[in-house]
Amino acid sequence: MAGRGCGKRRYGETGFEAWGGYMEAKKSKLENQFDNMPDKNKEGIFKNISIFVNGLTEPPAAELKQLMHHNGGTYHHYYRSRGERATTHIIASNLPHAKLKQHQRKLVVRPEWITESLSAGRLLDYRQYLLLPPENPLLSCMGSASTSKAGGGAHAPSEVAEIGAGAEPDYDDDDEECESFPPDSSSDDDEVDQEGDPEPIADNDDECDDSAEATETAGPSTAAPSAASSAPAPPTDRSPVKRAGQPNFLQEFYQKSRLHHISEMKALFRDYVARLQDAPDDGYPERARLLAWSRQRDQSADQTSERDGDDEEDMEREPAGEDSLTTGDATVIAHVDMDCFFVSVGLRSRPELRGRPVAVTHSRGGAEPAVRPGEDRAAEADAYRARRSGKSAGEGGGGSGAGGKEPSWMAGGLHGSMAEIASCSYEARAAGVKNGMFMGAALKLCPDLQTIPYDFAAYREVALAMYDTVCGLTRRVQAVSCDELFADCSELLRQTDVSPLRLAEYIRHAVRRETGCPASVGLGPNILLARLATSRAKPDGQFHVPAGRAAEFMLDQRVRDLPGVGRTTAEQLHRLGADSCRQLQRLELAQLQRHLGPRTGRQLHEFCRGIDTRAVTPHAPRRSVSAEVNYGIRFGGAAEMASFVNELCAELQSRMTAAAFLADSVTVKVMVRAAGAPTETAKFMGHGVCDTLSRSGRLATPTDRLETLRREVAALLAALHVAPSEVRGLGLQAGRTLATAARGKPPAAASVTTAPPPPPQQPAQTSAVVYSAEEAARLVGGVDRPVERPSLPPVPTFCGTADLSCIRRLVVEWLGSGPHPEREDEAALAVYLSALVDARLLEPARGLLVLMGRRLTADGPPQWLEALQRLTDTVQRRVGVIHGGTLSLPPLPRPRANVTTATSAAAAVTAI
DNA sequence: ATCCTCCCCTAC
DNA sequence: TAAGGTAGGGGAGGAT
Ligand SMILES: Nc1ccn([C@H]2C[C@H](O)[C@@H](COP(=O)(O)OP(=O)(O)OP(=O)(O)O)O2)c(=O)n1
Ligand SMILES: [Mg+2]
Ligand SMILES: [Mg+2]
């Protein structure tokens, strides 16, 4: 029952003004209020100008609206492509490429046009404020073939048929993502784990001590760019702080960036393991030690009593006593992961800190950092939260709210040091500290927290020792990170007659012996279970989940702990009522796929049952090489930015050469300060809350030539049209399309795997029926796609626009507009859908129904599902009458009564 | 159906 | 102060 859509005929072009409930209320509230308002300025400078605001702008949409109305202009909440009252200009600060294509480029203007016109007291030439270049000649000057497909593409650059402003000004969303703060603490938002009783043996013979504390600004560099044409770099360095563009910025940054180091090491160990595959046989030297050690354990066990320290702390042991049985021909995967890796390495030379809460971080304790002018931590936190909540808006049918938890690093607001903690000891974790957390937040939780500096060289040596140790037992190893790997031990166990658990203990023993650092080991019949077992094993332990116990083991796992399920996915699943795997198992495959996509849905369906068919993969060919910096980026002008990009190109090129990598595509990524975000970031020289934009182009020939890269990158960057002063991050990525070795269904392409997909427990359910409906749907679409339409009926419009992406947005917002749909809205939508059917636009109609189905949850208010059911029925009836047959749709969640079943397989087409 | 681009998410 | 990188899976939506 929102506002009556009574008398307004003002947008009468459409004939669908019945759209009265939610949308109408919005219109009248937001727009019409000004009709009766002090806008006597019918003769203001914006006379005959009407704007639509797309995305976040500065000043914000609400303010622009005021400015327009008080100066004779009109503000449209939706883009109107035609009619007497068509929108004359689109106002935007950033437009994602995907949406750009749909706009008439000549109409997209920066908000400064409005503000500066007002300042000038007259209407300035909007062409001086175009967001996009008048033409797109930039692309054609690229020496590559990129333009052909990428840029303007197949369609005329002049006027693309449609226009679609993708959004409505209210909840931002429309503009691109950002995400700004740290990726999230590693452990994430779960809670504290157990505390550690860790620290076992103390026998450590530090090899690579780290007295080195005062790491000074190392000399030249580590992987210095290959000289070549070093950019002239006109150092405009005015600012005393170091930032991008300063002489040694890039090298210094990378030298101190932990994330850079762990990424680099990951690549290093991938390569290491890959090379090992072809190395001559070394006889697995570690195996002899394993056998000797195991024998010794047997003896000492005999003397004591039990066979092995099995049930001590391990639930890994199956009560059914099939312990050693598992050795048969079963697959056993081991997952090895160092305990609080960076901390453990640091503690080797700081025994006095053992048993205390310790963190590795750049922060040196000390006084609270002074507040910098322009910095506003609270505002930045708000901007971040606003951004994030905008993203999930419209989901869940207005019902199940419950915004997710905030990342742990925000704990207690943004106070104190913004230095991140790379790793913290288990004593610190007991207080709630997590990896990735800001020091300021951590100190609030744990005032006694001790800090130690990084020692990247030592991490590398320890990691290498760990890899060597495991690879001395088997080469069937997959590198996960510098402190973590998977090893397929099936063959090893078969050949050595050692129990899985004994092997795990030995691995831990050997790693400790070689490194002085504790590792934990998880064992399972597949990668998934091995990984989950490790979290049960930590710290400093081992845990085995045999195939026979997998089902029960999974039940109480949290979905958030499944690999691939992060904060966002966990929130989506929460909305579907699944926090545990037990609950997740109750969701139907089709429902998961509807909400999360076909592949993600399928994987979750399998993972929550303990099913994982991935094989340990020692070597997979690299598909991309990239270099990016999102810290310390503050450009004084275009020249500075260009110069830095050249530097980054050289860095990228150097990495490509080192990896013998030839690229056939290049992507430029830019982080731009989000409208509304403080200019000065909470974290010193950080990127703050940003929008991220990217643009990619193809290269004519696979190459690693610096000049080619530079030219392409410069063109792509120009095409992004970012103001240099607003840029907060820059990244370059080189990509290569691998020889298509039967892609499509099986996710993996050609890579060296270790074993055939281990069929875990549970009969591998065959899923033939899943896609049938969808496939059929496409058939319908094809049948109906008559490109040749003699005299087609007018393209239906809805809410004043014919632009489908705009309409999709409106519909999504509508779904989140309240506990139940307004009848007027539903009726208007029904009219529109019917018009689509009449116009033979079945795909768009079906698309809208699918979209709605995807956003609604079964547990939400049933009214929405019922409305969707009615809309679906309406469309189906009409399709049947007019075209014959039925649209094929994925099954809806049924609130109660089961009516939808008919849609399954058979009902598909029946087309005429 | 399949490809492509531009993201989004995840993990360390 | 602070050093917020990097690679890969995958989805949405459009083009073909
Ligand atoms: N947000 C993060 C997460 C991890 N790391 C680095 C430091 C860690 O020591 C190392 C390994 O990451 P893990 O996830 O394995 O975490 P830890 O080894 O520190 O602890 P755990 O015992 O949980 O494995 O990667 C980091 O710099 N920043
Ligand atoms: Mg670890
Ligand atoms: Mg790890």
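Note that the structure is predicted; figures quoted are calculated from it, not measured. Numbered from 1 within each chain, the chains take letters A, B, ... in sequence-line order.
The distance from the CZ atom of A:Arg655 to the CD atom of A:Glu264 is 7.0 Å, given to the nearest 0.5 Å.
The residue among A:Arg270 and A:Arg808 whose nearest nucleotide of DNA chain C is located toward the 5' end is A:Arg270. In terms of position along DNA chain C, the nucleotide closest to A:His261 lies nearer the 5' end than the nucleotide closest to the other residue of the pair A:His261 and A:Gly601.
Relative to the side chain of A:Arg258, the nucleotides C:dG5, C:dG4, B:dC9 differ in distance, and C:dG4 lies closest. For A:Ala419, the side-chain atoms get nearest to C:dA2 when compared with the rest of B:dC9, C:dA2, B:dC6. In the set C:dG11, B:dC7, C:dT6, B:dC7 carries the atom at the smallest distance from any side-chain atom of A:Ser694. You'll find that the side chain of A:Ala627 is closest to C:dT6, out of B:dC7, C:dA7, C:dT6. Nearest nucleotide to the side chain of A:Thr600, out of C:dG4, B:dT5, C:dG11: C:dG11.
At the heavy-atom level, A:Ala267 lies nowhere under 4.0 Å from the strands shown. Residue A:Gln733 is classed as having no contact, given no heavy-atom separation below 4.0 Å to the nucleic acid. Counting any heavy atom pair closer than 4.0 Å across all strands shown, A:Arg531 reaches sugar-phosphate atoms only and no base atom. A:Thr569 comes within 4.0 angstrom of sugar-phosphate atoms only, judged by non-hydrogen atoms across all strands, and of no base. Base engagement by A:Tyr631 is indicated by at least one non-hydrogen atom pair under 4.0 Å involving a base atom. If you check every strand for non-hydrogen atoms under 4.0 Å, A:Ser481 touches sugar and phosphate atoms only. Heavy atoms of A:Gly686 sit under 4.0 angstrom from at least one base atom.
Note on A:Asn435: every side-chain N or O is 4.0 Å or more away from OP1 and OP2 of B:dC12. Checking the phosphate oxygens (OP1, OP2) of C:dA3, a side-chain nitrogen or oxygen of A:Lys683 falls inside 4.0 Å. Residue A:Ser257 places at least one side-chain N or O closer than 4.0 Å to OP1 or OP2 of C:dG4. One finds a side-chain N or O of A:Arg623 lying less than 4.0 angstrom from the OP1 or OP2 phosphate oxygen of C:dG9. Contact between the side-chain N/O atoms of A:Ser417 and the OP1/OP2 oxygens of C:dA2 is found at a separation under 4.0 Å. At C:dG11, none of the side-chain N or O atoms of A:Arg854 fall inside 4.0 Å of OP1 or OP2 (strictly under the cut-off). Within the 4.0 Å cut-off from OP1 or OP2 of C:dG5, not a single side-chain nitrogen or oxygen of A:Ser626 is found. Look at A:Ser624 and you'll find a side-chain N or O under 4.0 angstrom from OP1 or OP2 of C:dG8.
Stacking of the aromatic ring of A:His687 onto the base of C:dG4 is found: the ring centres lie under 5.5 Å apart and the planes are inclined by under 30°.
Straight-line distance from the CD atom of A:Glu264 to the C1' atom of C:dT6: 11 Å, rounded to whole Å. Separating the CE atom of A:Met265 from the P atom of C:dT6 is a distance of 14 Å, rounded to the nearest angstrom. If you measure from atom CD1 of A:Ile262 to atom P of B:dA11, you get 13 Å, rounded to the nearest angstrom. Distance A:Arg594 CZ to C:dG11 C1': 16 Å, rounded to the nearest Å. Following rounding to the nearest Å, A:Met685 (CE) and C:dG5 (P) show an atom-to-atom distance of 15 Å. Counting to the nearest Å, the C1' atom of C:dG5 and the CG atom of A:Leu730 are 14 Å from each other. We find that CE of A:Met671 is positioned 12 Å from C1' of C:dG5, with the value rounded to whole Å. In this structure, CG of A:Leu259 is placed 5 Å from P of C:dG4, rounded to the nearest angstrom.
For the pair A:His687 and A:Ile633, the minimum side-chain heavy-atom distance is 4.5 Å or more. Considering only heavy atoms from C-beta on, A:Pro621 comes within 4.5 Å of A:Leu738 through its side chain.
A donor and an acceptor atom, one from each side chain of A:Asp339 and A:Ser344, are nowhere located under 3.5 Å apart.
Remark: A:Thr451 pairs with A:Arg364 by the side-chain hydrogen bond (donor to acceptor under 3.5 Å, both in side chains) rule, at least two apart or across chains.
By the 6.0 Å and 45° rule, A:Arg377 does not stack over the aromatic ring of A:Phe438.
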